[in-house]
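Each chain gets a letter, A, B and so on, in the order the sequences are listed, and its residues count up from 1.
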Amino acid sequence: MIVARIHGEAILELPQDLYIPPEALEIVLDTFEGPLDLLLYLIRKHNLDILDICMAELTRQYLAYINAAKQRHELAAEYLLMAALLIEIKSRMLLPKHAEMEAEEDPRAELARRLLEYEKIKQAAITLDALEQAGRDFLLPHVPRDWLDIPEFPGVESEDLRRAWMSVASRVRMMNSHKVEREELSIREHMARILKKLQGRNAAEFVELFEAGAGLAILIVTFLALLELARESLVSIVQTDVFGTIYVKANNEF
Amino acid sequence: MNSDEAGIVLEAALLTTEDAIPIIEMAKLFEGELAPRDIENMLSELRCKWAGSGLELVEVSSGWRFRTRPEMQKFLDRLDPKKPQRYSRAALETLAIIAYKQPVTRGDIEEIRGVAVSTQILKMFESRCWIEVIGHRDVPGKPSLYATTSRFLDDLNLRSISDLPPLQNIEPQLEQHDT
Amino acid sequence: MNSDEAGIVLEAALLTTEDAIPIIEMAKLFEGELAPRDIENMLSELRCKWAGSGLELVEVSSGWRFRTRPEMQKFLDRLDPKKPQRYSRAALETLAIIAYKQPVTRGDIEEIRGVAVSTQILKMFESRCWIEVIGHRDVPGKPSLYATTSRFLDDLNLRSISDLPPLQNIEPQLEQHDT
C-alpha cells in the first residue's frame, strides 16, 4: 500500500534511529504545533500507514520524544494526554477479541480520523498563506476623496481662515485697542522657517539662512524676516569681530 | 448626465475608497438614474480601460474595487520596505479551521489542532476584522461561534467562501477502505 | 524597464499611497535608474493622461499626489452622506492667527483675539500636525512660538503660506480707520 508523501514543509532531518541530541530537543518540540503534529511527523517520517498504525512502534517513538523533552523543560499537558491515549489504544488492541467485539470499531480509527483531519488543516493553512493578501501582495487605491486628507477631522479651507481672520480683525477694530497691520505673509513664513532652522542648535551663520539659488525676491524676504525676528527679539544677530562671521541665534535658551 | 460623465464619476468613486462598493451602492452616485444593468456595463468598460495598467478592477465579496496587480508589488515594496510580518503556523491553522469549518467555537479549534488556542490569535484576527463572533452555541458555557467576515474574503480577493481552495484529501485511499 | 512600464508603476504608486510622494522618493521605485528629470517628465505625462477624468495629479508642498476634482464632490458625497464636522469659531480664529501671523505665542493670539485661548484648541491642531512649536520667545516665561506645518499646507492644498488668500481686500476699512 502506498503511503502518502509528506505534504507541506519537511520539518527537520532526524536520524532514522530517533537519536536526538538532548540540546536539540527544545528546538524540535518547538517546531511542532502539538501532539497531533508530532505524531503526524513520526508517521510520515517512518512511512507508517496512517490507516493501519503499528501502535507499539508509534507509542514507543512518541514516548521517546516526550521523555527526552520532559528532562529539558516542562511539557504541555496535551503531550502527556496524548501519551496516555496512545497507551490506552495499544492496550485495547492487546485484548483478546471476542465475538461481540468484532463489530466494534478499531480502537485506532478515532486517532486516524483526527490525524487526517489535522493534516488537511495543516495543508489548508499553507494554501491560505499562499493566497494573495491585501497589503502584502497587492495594495488598494488610496486617493483622498475629500478636499482634505483626513475626513474624520473637520474640514477647513483657506477661505475659512480668511473669514476667521476678518472677524478677528473687525472685532479688534471695534475694540480699537490693537493695531492690526497688513503684512507681507511671506515674511512671516520665512520667520517661521528661520526659527525652525535654528531649533536645537546654538547659532547659525547669517549666510546659511539664505537659501542658495533662491531668487532675489526670496533673499530680500529672508532678510526682512531676519530683521523682523530681531525687532521682535526672537533672535539675536551677533558679530564677534569686525568683518567676522555674523551669527544668528534664537533667543530661547532657558 | 451622459454615460462618459457617469463613467468618470464611477471611476473616481472606485479609486477613492479602499472598501469594495456594491452595485446597489454605486447606483446612489447617480440618484437612481442608472439601472444596475447600466452600471454593470460601465464596470466592464472600466475594466477594459484599465487593462494593461498597474491596477485592475475586480469583484470581491462585498462589491467592486480596484487593486494593484501582483506584479506591481516588487516595485511598490521599495517605497515602503517594511514587509507586513507573516502569520505563525498556529495563527494560520486557527484561521484555516475558522474559514473551512465555520461557524466554530474555540473548543472545536482546539479539538482539531490538539492544543489550546491562544486568545491573542483570535483577538489579532478579530482586530483585523477577518473573523467575528456570529452567535453562541447552545451548550453549557454558551461558547462563542466564530466565522470569517466579508472583509477577510475581500482582503484575499475572493468572492465567497466557496472560492477558497478546496481542502485536499491527503489520503484518498481512506474512502476506499471505508466503503 | 521601458518608459511605459515606468509610467505604469509610478501611476500605481501614486494611486495607492496615502501621503504625497516627493520626487526623490519616487526615484526609489526605479532603484535610481531614472533621474529626477525623467520622473518630472513622467509626472507631466501622467497629469495630461488624467486630464478630463475625475481625479487630478497635483503637486503639494510635500510631493505629488492624486486627489478628486472638486466637481466630483457632490457625487461622492452621495455615497457617504455624513457631513463633516466644523471647527468652532474660536478654533478657526486661532488657526487663522497662527497661519497669518506666525510665529506667534499663545499670548499674541490672546492679545489679538482679546480672549483667552484654550489649551485644548492648540493641542487639537498640534495633534492634527497642523501647528508646531518652533521655538520660544526670549521673554519671562519663555512662551512657545507656534507656526503652521507643511502638513497644514498639504491638507489645505497650498504650496506655501503666501498662497493663503490675501487680506488686502478685506482690510481697507480697517486701515482707513487706523491711519
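- Note: Ile112(B) leads Leu158(B), Ile112(B), Asp80(B) in heavy-atom pairs under 4.5 Å with chain A.
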**Report entry** side chain to side chain contact (heavy atoms under 4.5 Å, CB included) evaluation trace for Leu164(B) with Leu128(A)
**Finding:** CA-CA 8 Å; Leu164(B) 276 175; Leu128(A) 206 57; 3.6 Å; yes

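- For Arg151(B), no part sits under 4.5 Å from any heavy atom of chain A, backbone or side chain.
- The closest donor-acceptor contact from the side chain of Thr68(B) to the backbone of Leu139(A) lies under 3.5 Å.
- Surrounding CG of Leu94(A) are more than 12 heavy atoms belonging to other residues, nucleotides or ligands, all under 6.0 Å away.
- For a residue to count as touching a neighbouring chain, one of its non-hydrogen atoms must lie under 4.5 Å from one of that chain's; by this rule Phe66(B) touches chain A with backbone and side chain alike.
- The closest side-chain heavy-atom distance from Lys120(A) to Tyr100(B) is not below 4.5 Å.
- Residues Tyr87(B) and Gln133(A) have side chains in contact (heavy-atom distance under 4.5 Å, counting atoms from C-beta outward).
- Proximity to chain B (any heavy atom under 4.5 Å) is restricted, for Asp137(A), to the backbone atoms N, CA, C and O.
- Between Glu132(A) and Leu156(B), every side-chain heavy-atom pair lies at or beyond the 4.5 Å cut-off.
- The candidate from Ile121(A), Leu36(A), Leu131(A) with the greatest count of non-hydrogen atom pairs under 4.5 Å with chain B is Ile121(A).
- For Leu15(B), the parts lying near chain A are the backbone and the side chain together; criterion is any non-hydrogen pair under 4.5 Å.
- Looking at Ala116(B), the atoms closer than 4.5 Å to chain A (heavy atoms on both sides) sit in the backbone and in the side chain alike.
- Using a 4.0 Å cut-off between a side-chain N of Lys or Arg and a carboxylate O of Asp or Glu, Lys101(B) and Glu117(A) qualify as a salt bridge.
- Contact count versus chain A (heavy atoms, under 4.5 Å) is highest, among Leu92(B), Asp19(B), Asn157(B), Leu76(B), for Leu92(B).
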Requested in this report: Would you check, one step at a time, whether the test salt bridge (Lys or Arg N to Asp or Glu O under 4.0 Å) holds for Glu78(A) with Arg113(B)?
Outcome: CA-CA 11 Å; Glu78(A) 293 99 350; Arg113(B) 294 194 61 234; over 6 Å; no

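- To the nearest 0.5 Å, atoms CZ (Phe138(A)) and CG (Asp155(B)) are separated by 6.5 Å.
- At least one side-chain heavy atom of Arg89(B) sits less than 4.5 Å from a side-chain heavy atom of Lys122(A).
- Heavy atoms of Glu111(B) lying under 4.5 Å from chain A belong to its backbone as well as its side chain.
- The side-chain heavy atoms of Thr127(A) and Leu167(B), taken from C-beta on, include no pair separated by under 4.5 Å.
- In this structure, Leu14(B) and Pro141(A) have side chains that are not in contact, with every pair of non-hydrogen atoms separated by 4.5 Å or more.
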